[in-house]
There are 2 protein chains.
Amino acid sequence: MNNAFGLHIRRARLARRAEDKRFSLRQVATRVGIQPGYLSRIETGDTPPPSEATITALSRDLGENEDVTLALAGKVSQELRAVIVKRPELFGELLRQLAEMPDHAVLRVVREVRDGEW
Amino acid sequence: MNNAFGLHIRRARLARRAEDKRFSLRQVATRVGIQPGYLSRIETGDTPPPSEATITALSRDLGENEDVTLALAGKVSQELRAVIVKRPELFGELLRQLAEMPDHAVLRVVREVRDGEW
DNA sequence: TCATTTGTTTAGTGTTTACTAAACATGTGA
DNA sequence: TCACATGTTTAGTAAACACTAAACAAATGA
């Protein structure tokens, strides 16, 4: 299997566990509301990534970026999908335009939109 | 049920059927590779919208915009999701910024990106 | 040392997704 | 009129999804 997702979760959890023993696999699993055995299989890549709700709960517990963590599972949040679904022509065209551009160009758009008076 | 999707397909199909008999429910279903009974249930809203692949095939056969048709099913294409998944922080922030802006503002960004030298 | 905690493994389950197959009643054209 | 096409309805299903339950061996720590 590919397992970028599981490795990401494990790495993040072990990093936090170094400072805080409340980040054992079992305790994290309990807090996010899944069985320890399931989280184990997720981290080892023995099972595919869990649902969006569980990924979000994991990200929050571990203090990781939700968009990034979801992306490692090949997913986009319902929140972002809803933004596109409301205006599909507009955002469809925009995303296809930006898809081929380098990071710095996209970042410039992000900053202009954030800072500019639109 | 809500059935914006089914009505959209039926309206599009009947519009084309007015000029071309090849747009009967049965013939469309055959061309896109599903059973007539299934397409009937889709159009009446008796069953939820089909898979992305089937929606795409339907959109193409009927000459409808794929992003719009998918959106009526509450979906975003794999193609657009992949754009976000490749750079989730960048596009996550951008989409959240633009989510609250009126159409004309988003359109201005689209045009600037398309026409400008980035 | 021995009770506890840890991570792992195996087997099984309810739900949802995305349809097919087949029969049906109604309508149309030759 | 009657063969054929149309849209509809009912019942069923294979595969994927998203887990749980329970038992296990290894490490920890009092």
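First the proteins, then the strands, lettered A, B, ... as listed; each starts at 1.
Note that R31(A) lies in the cation-pi zone of F23(A), set by a 6.0 Å cut-off to the ring centre and a 45° limit from the axis.
In terms of modelled atom types and a separation under 3.5 Å, the side chain of T30(A) and the main chain of R26(A) share a donor-acceptor contact.
Of the two residues contacting DNA chain C, namely K21(B) and P36(B), the nearest-nucleotide position lying further toward the 5' end is that of P36(B).
Spacing between atom CZ of R17(B) and atom P of dG7(D) amounts to 6 Å, rounded to whole angstrom units. The distance from atom CD of Q35(B) to atom C1' of dT20(C) is 6 Å, rounded to the nearest whole Å. Rounded to a whole Å, the CZ atom of R26(A) is 15 Å from the P atom of dT28(D). Atom CD of Q27(A) is separated from atom P of dG7(C) by 9 Å (rounded to the nearest Å). Following rounding to the nearest Å, L39(A) (CG) and dA18(D) (C1') show an atom-to-atom distance of 14 Å. Rounding to whole angstrom units, CG of residue L25(A) and P of dA26(D) are separated by 18 Å. To the nearest angstrom, P of dG7(C) lies 13 Å from CZ of F23(A). Protein atom CZ of R13(A) is 12 Å distant from nucleotide atom C1' of dT8(C), rounded to whole Å.
Considering only side-chain N and O atoms, S24(A) lies under 4.0 angstrom from the phosphate OP1 or OP2 of dG7(C). Considering only side-chain N and O atoms, T47(B) lies nowhere under 4.0 angstrom from the phosphate OP1 or OP2 of dA18(C). The side chain of S51(A) contributes no N or O atom lying less than 4.0 Å from OP1 or OP2 of dA18(D).
If you check distances only, the side chain of R41(A) does reach the base of dT10(C) with a donor-acceptor pair under 3.5 Å.
With respect to the salt-bridge test (charged N to carboxylate O, under 4.0 angstrom), the residues E64(A) and R11(A) qualify. Under 4.0 Å is where a charged nitrogen must lie from a carboxylate oxygen, and between E52(B) and K75(B) no such pair does.
Residue contacts for S40(A): at a heavy-atom cut-off of 4.0 Å it reaches a base atom on one of the strands shown. Residue E52(A) is classed as having no contact, given no heavy-atom separation below 4.0 Å to the nucleic acid. E43(A) comes within 4.0 angstrom of no nucleic acid atom, judged by non-hydrogen atoms across all strands.
Closest to the side chain of K75(B), from the set dA18(C), dC19(D), dC19(C), is dA18(C).
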Report the C-alpha distance between T56(A) and S59(A) in whole Å, list the side-chain angles of each, state the deciding distance to 0.1 Å, and finish with yes or no for side-chain hydrogen bond (donor to acceptor under 3.5 Å, both in side chains). CA-CA 5 Å; T56(A) 299; S59(A) 297; 6.0 Å; no
